[in-house]
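Residue numbers start from 1 in every chain, and the chains themselves are labelled A, B, ... in the order their sequence lines are given, proteins ahead of strands. No experiment lies behind these values; they were computed from the predicted model shown.
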Protein chains: 2
Amino acid sequence: MKPPEKAFSDYLASRNLKMTPQRRLILETFIKTDGHVSSEELYNRVKAKDPSVGQATVYRTLKLLSESEIAEAVDFGDGVARYELHYGQDHHDHLICERCGKNIEIVDPTIERLQEELAESYGFELERHKMYLFGICESCRKKKGSSE
Amino acid sequence: MKPPEKAFSDYLASRNLKMTPQRRLILETFIKTDGHVSSEELYNRVKAKDPSVGQATVYRTLKLLSESEIAEAVDFGDGVARYELHYGQDHHDHLICERCGKNIEIVDPTIERLQEELAESYGFELERHKMYLFGICESCRKKKGSSE
DNA sequence: CTGCCTGCAAATCTTTTGCACCATT
DNA sequence: AATGGTGCAAAAGATTTGCAGGCAG
């Protein structure tokens with residue numbers, strides 16, 4: 001499988017766009033940052049390496065990365081768009097602790113298959129899905145009453 | 001089960017807040033509107049009945065309805081917060097056509113149970129979840145190539 | 001009076017866009 | 001020259017907040 005940079009420049013080329021130093025830097029920084037980055041967080045990291053990069057460029061590049069399916073938006077319901085690396089990653093869903101914010105990546109093949117079947121039963125061809133499980137993790141349950 | 005209005009005024013009372021004509025009107029309008037309303041849509045409907053109601057009041061009331069679990073936020077990833085009636089409704093997830101936006105409410109008991117088990121296997125106590133399946137519906141697949 | 005509510009407008013916050021200039025072909 | 005790309009600042013869109021006045025107990 002080709003490296004993400006190559007995948008990105010291929011995507012750009014296919015749309016008559018160009019790989020630029022800024023885009024390369026943003027992509028590199030994005031890849032190094034694991035977890036779920038907001039545009040602003042990414043902008044800050046990028047700025048640390050090259051203060052001349054503008055915030056709009058980060059927004060624009062993140063959108064390109066989404067379109068090219070190298071990044072994927074994850075939405076935790078706070079008003080901020082977050083992105084995670086998608087290219088070359090296994091699909092996964094999210095298990096989130098509502099108290100401490102801990103975020104575990106999960107996947108269950110049986111559920112995946114049932115989702116497919118469920119969509120089919122409604123005549124849909126399933127393209128993708130998002131599943132978020134919200135609960136309280138073990139350690140937060142132990143120190144009960146400590147928050148809220 | 002008590003009617004939503006009662007549930008809401010009980011919730012308000014429990015927080016030393018009051019049921020007001022505006023709040024009542026907003027709740028009534030919200031209940032009559034099925035599907036997934038944005039604050040602005042709801043504001044427009046409310047305004048049609050009583051033009052003196054302000055937009056901020058709709059936002060504020062919608063937040064109260066969320067807190068009281070009478071409404072629930074659904075997030076389709078466009079920048080707008082939408083709400084649906086939650087109180088007294090069965091839980092359901094969403095099957096969304098990426099082409100025409102058709103939105104079907106779905107539920108699969110087996111998936112629900114597996115989600116519970118999956119969370120448990122990570123030591124989580126599952127409180128709630130959100131699942132969105134995105135695909136292409138049958139009629140959109142037939143008129144293929146008609147969009148995008 | 002006191003405390004909650006409301007409408008309005010101003011403020012915030014995130015994201016997008018217009019524009020003039022730059023770089024590469 | 002032509003086509004994109006960029007940074008900046010302004011704009012846009014959604015939501016929140018400050019405030020002065022209003023109402024109910």
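- Atom CG in A/L12 sits about 13 Å away from atom P in D/dG4, given to the nearest Å.
- Spacing between atom CE of B/M19 and atom C1' of C/dT6 amounts to 16 Å, rounded to whole angstrom units.
- Across the protein-nucleic acid pair, B/Q22 atom CD and C/dC4 atom P stand 17 Å apart, rounded to whole Å.
- Here C/dT14 presents its P atom at 15 Å from CG of A/L62, a figure rounded to the nearest Å.
- Taking every heavy atom of residues 64-72 of chain A and every atom of DNA chain D, no pair lies under 4.0 Å.
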**Item:** Evaluation steps, side-chain hydrogen bond (donor to acceptor under 3.5 Å, both in side chains), between A/E69 and A/H86
**Value:** CA-CA 7 Å; A/E69 306 211 285; A/H86 177 67; 5.1 Å; no
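- As a whole-Å value, the separation of B/R24 CZ from C/dT6 P is 11 Å.
- Under the 4.0 Å criterion applied to side-chain N and carboxylate O atoms, B/E28 and B/K49 are not assigned as salt-bridge partners.
- Nucleotide D/dG5 holds its C1' atom 6 Å from the CZ atom of A/R23, rounded to whole Å.
- Between A/H36 and A/H94, the ring planes lie perpendicular to each other; the angle is over 60°, past the 30° to 60° tilted range.
- Taking the ring centroids of B/H91 and B/H129, they lie under the 6.0 Å cut-off.
- Linking Ile, Leu, Val, Met, Phe, Trp and Tyr whenever their side-chain heavy atoms come within less than 4.5 Å puts B/I104 and A/L114 in one cluster.
- Spacing between atom CG of A/N44 and atom P of C/dT14 amounts to 11 Å, rounded to whole angstrom units.
- Between B/E67 and B/K63 no salt bridge is recorded (no basic side-chain N to carboxylate O distance below 4.0 Å).
- The existence of a salt bridge linking B/K130 and B/D75 is excluded, since no basic side-chain nitrogen approaches an acidic carboxylate oxygen closer than 4.0 Å.
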**Prompt:** When you check every protein heavy atom under 4.0 Å of nucleotides 8-25 of chain D, what one-letter string (B, S, -) results, 5' to 3'?
**Reply:** B-----SBBBB-------
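- Annotation: the span from A/I111 atom CD1 to B/T110 atom OG1 amounts to 10.5 Å, rounded to 0.5 Å.
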